[in-house]
S.K.: 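My questions all concern the structure below.
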Number of protein chains: 2
Amino acid sequence: MARDLTKEKVVQKAAELANELGDVHQLKLKDLAAALDIKVPSLYNHVKGSAGLIDALRIHALSELSGILQDAMVGKISEEALVAAAQSYRTFAHANPGIYQLVIQAGEPGSEVERIGKNSLSFLLLILGSFGLQGDEALHVVRGFRSLLHGFVSLELAGGFGLDLDLDQSFERLIKDYISGIQNL
Amino acid sequence: MARDLTKEKVVQKAAELANELGDVHQLKLKDLAAALDIKVPSLYNHVKGSAGLIDALRIHALSELSGILQDAMVGKISEEALVAAAQSYRTFAHANPGIYQLVIQAGEPGSEVERIGKNSLSFLLLILGSFGLQGDEALHVVRGFRSLLHGFVSLELAGGFGLDLDLDQSFERLIKDYISGIQNL
DNA sequence: ATTTATAAACTAATTTAATTAGTTTGTCAA
DNA sequence: TTGACAAACTAATTAAATTAGTTTATAAAT
């Protein structure tokens, strides 16, 4: 046999399909195999079943998000950098509604996921330094910032906001209020 | 046949099992039926399959959360009321790790879920009034507050916080910073 | 040019879960 | 005592994931 199918192509296609479906758990191996024009058991040559596919998609999603955030922040400081990061985070979620949910889990010590997470963390800590935040102070704020980003976008993706009220404005206001809050120590 | 099994008992048991498992989607009808000492198809006399069970659990969870929040806020104003609501929200999530995730979806117009949501919303708007927030301003802040609560507790439940740093402190700090932020209009 | 090893496909069979159809049975009310 | 209904049951179907074992195409080694 030997077509030019690789793990990367399998994961890429799975990400596309999951994003079309809006939820990675809606994607069945049957659908993925069909899209790749192979039979289901052949997928096992590339990923360790559905659990292995999810793991691979998590790394795929995290790498992408991490890159996007760093691109958004590079060359900026303090408020401008945080606002740019927030906007990019939300844009990533909108563009990846199916796999977004995979980025929230912290990695096991020593894992690829942990490595990517630490990388983004150190970038954010650099920015928070420009606010005068250091040590545990800064770490608490990173947790807070992540919480509000994840909370907003996950509610948005889940259809959690029922009111007829502009979402962009709500998001902008949330980020502004929080940044304002961390400045009044 | 006719044992004294009711829909309420089915849902109650399902909630218990889901919370033990930590994720409602890990709960299989087989396990629920076994815990109730009936066969799987008999569950269909009480709920419309697994989708119907999820719907019922969502209403169960939302009602409980809504009651808890109102109890926490009643008789308090401004910052004190918001802090109490935040603590209760997080406590609810810790006590209900399996079904917590069901509370984030807004209800269809006319649904029970929408009714409960509107009820909690009006309560929160009352509190925000004591901050001088009204109209769309207040609605944006309700969205923000919900976002940070949901973001923090869902990251916490999903094992999203990897660092060895006190979670209670992170949460307290987040709430304080946000409340501080909405006061500097 | 032929053989051989390997990766990647395949078919077939199993397991688990949810669902539907159709049947039985116990309780309560007429 | 009969008749109706709710709630249980068994049996069969469907969907999905997985595992085992087999085939085949390519590419390297003789």
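Please read all numbers here as calculations on a predicted model, not as lab measurements. Quick note on labels: first sequence line is chain A, next is B, and so on, each numbered from 1.
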S.K.: Holding to ring pair (Phe, Tyr, Trp, His ring centres under 6.0 Å), I want the full list of residues that pass it with B:Tyr178, two or more places apart in sequence or in another chain.
M.R.: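 Not a single residue meets the ring pair (Phe, Tyr, Trp, His ring centres under 6.0 Å) criterion with B:Tyr178.
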
S.K.: Distance-only criterion, 3.5 Å: show the donor-acceptor pairs between side-chain atoms of residues 64-82 of chain B and protein atoms not counting sequence neighbours.
M.R.:
from    : atom 1 : to       : atom 2 : distance (Å)
B:Ser66 : OG     : B:Ser120 : OG     : 3.2
B:Gln70 : NE2    : B:Asn119 : OD1    : 2.5
B:Lys76 : NZ     : B:Ala72  : O      : 2.8

S.K.: When you measure from the side chain of B:Arg146 to the backbone N and O of A:Gly160, does any donor-acceptor pair fall under 3.5 Å?
M.R.: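 Yes; judged by distance alone, with no hydrogens or angles, the pair exists.
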
S.K.: Could you name each residue pair satisfying ring pair (Phe, Tyr, Trp, His ring centres under 6.0 Å) that touches residues 80-104 of chain B, not counting sequence neighbours?
M.R.: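 Checked against ring pair (Phe, Tyr, Trp, His ring centres under 6.0 Å) - neighbours excluded - the pairs reaching residues 80-104 of chain B are B:Tyr89-B:Tyr100, B:Tyr100-B:His150.
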
S.K.: Can you list, by residue number, the residues of residues 31-51 of chain A that have a non-hydrogen atom closer than 4.0 angstrom to DNA chain C?
M.R.: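 A:Ile38, A:Lys39, A:Pro41, A:Ser42, A:Asn45, A:His46 - these, ordered by number, are the residues of the stretch whose heavy atoms sit under 4.0 Å from the strand.
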
S.K.: If you take any heavy atom closer than 4.0 Å to DNA chain C, which residues from residues 6-26 of chain A end up in contact?
M.R.: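 Correct list: empty, so none.
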
S.K.: C:dT19 P sits how many Å from B:Lys28 NZ, rounded?
M.R.: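 After rounding, the reported distance stands at 11 Å.
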
S.K.: Test of understanding: with salt bridge (charged side-chain N to carboxylate O under 4.0 Å, His left out), list the residues that count as partners of B:Lys118, not counting sequence neighbours.
M.R.: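 Checked B:Lys118 against salt bridge (charged side-chain N to carboxylate O under 4.0 Å, His left out); matches are B:Glu114.
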
S.K.: Hey, can you pull the donor-acceptor pairs under 3.5 Å for the side chains in residues 47-63 of chain B, sequence neighbours left out?
M.R.:
from    : atom 1 : to       : atom 2 : distance (Å)
B:Arg58 : NE     : B:Leu102 : O      : 3.0
B:Arg58 : NH2    : B:Gln105 : OE1    : 3.3
B:Ser63 : OG     : B:Ile59  : O      : 2.7

S.K.: Could you state the CG-P distance from A:Asp4 to C:dA7, rounded to the nearest angstrom?
M.R.: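 For the pair A:Asp4 CG and C:dA7 P, the rounded distance is 17 Å.
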
S.K.: For B:Asp168, enumerate each residue passing the side chain to side chain donor-acceptor pair (under 3.5 Å) test, keeping only those at least two apart in sequence or located in another chain.
M.R.: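 Expected list: B:Arg90.
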
S.K.: So, does A:Lys30 get its side chain near the phosphate of D:dA16, meaning an N or O under 4.0 Å from OP1 or OP2?
M.R.: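 Checking D:dA16 against A:Lys30, a side-chain N or O does come within under 4.0 Å of OP1 or OP2.
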
S.K.: Rounded to the nearest angstrom, tell me the gap between atom CD1 in B:Ile54 and atom C1' in C:dA18.
M.R.: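 After rounding, the gap between these two atoms is 13 Å.
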
S.K.: Excluding sequence neighbours, so at least two apart, what forms salt bridge (charged side-chain N to carboxylate O under 4.0 Å, His left out) with A:Lys28?
M.R.: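 Scan of A:Lys28 (salt bridge (charged side-chain N to carboxylate O under 4.0 Å, His left out), adjacent residues dropped) gives none.
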
S.K.: Which dot-bracket string fits DNA chain D when only Watson-Crick or G-U wobble pairs with both atom distances under 3.5 Å count, crossing pairs get [ ], and | stands for a partner on a different strand?
M.R.: ||||||||||||||||||||||||||||||

S.K.: I need the full list of ring pair (Phe, Tyr, Trp, His ring centres under 6.0 Å) pairs touching residues 110-146 of chain A, with sequence neighbours left out, sorted by first then second residue.
M.R.: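 Sorted result for residues 110-146 of chain A: empty, none.
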
S.K.: Which residues pass the salt bridge (charged side-chain N to carboxylate O under 4.0 Å, His left out) test with B:Glu8, not counting sequence neighbours?
M.R.: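 Expected list: none.
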
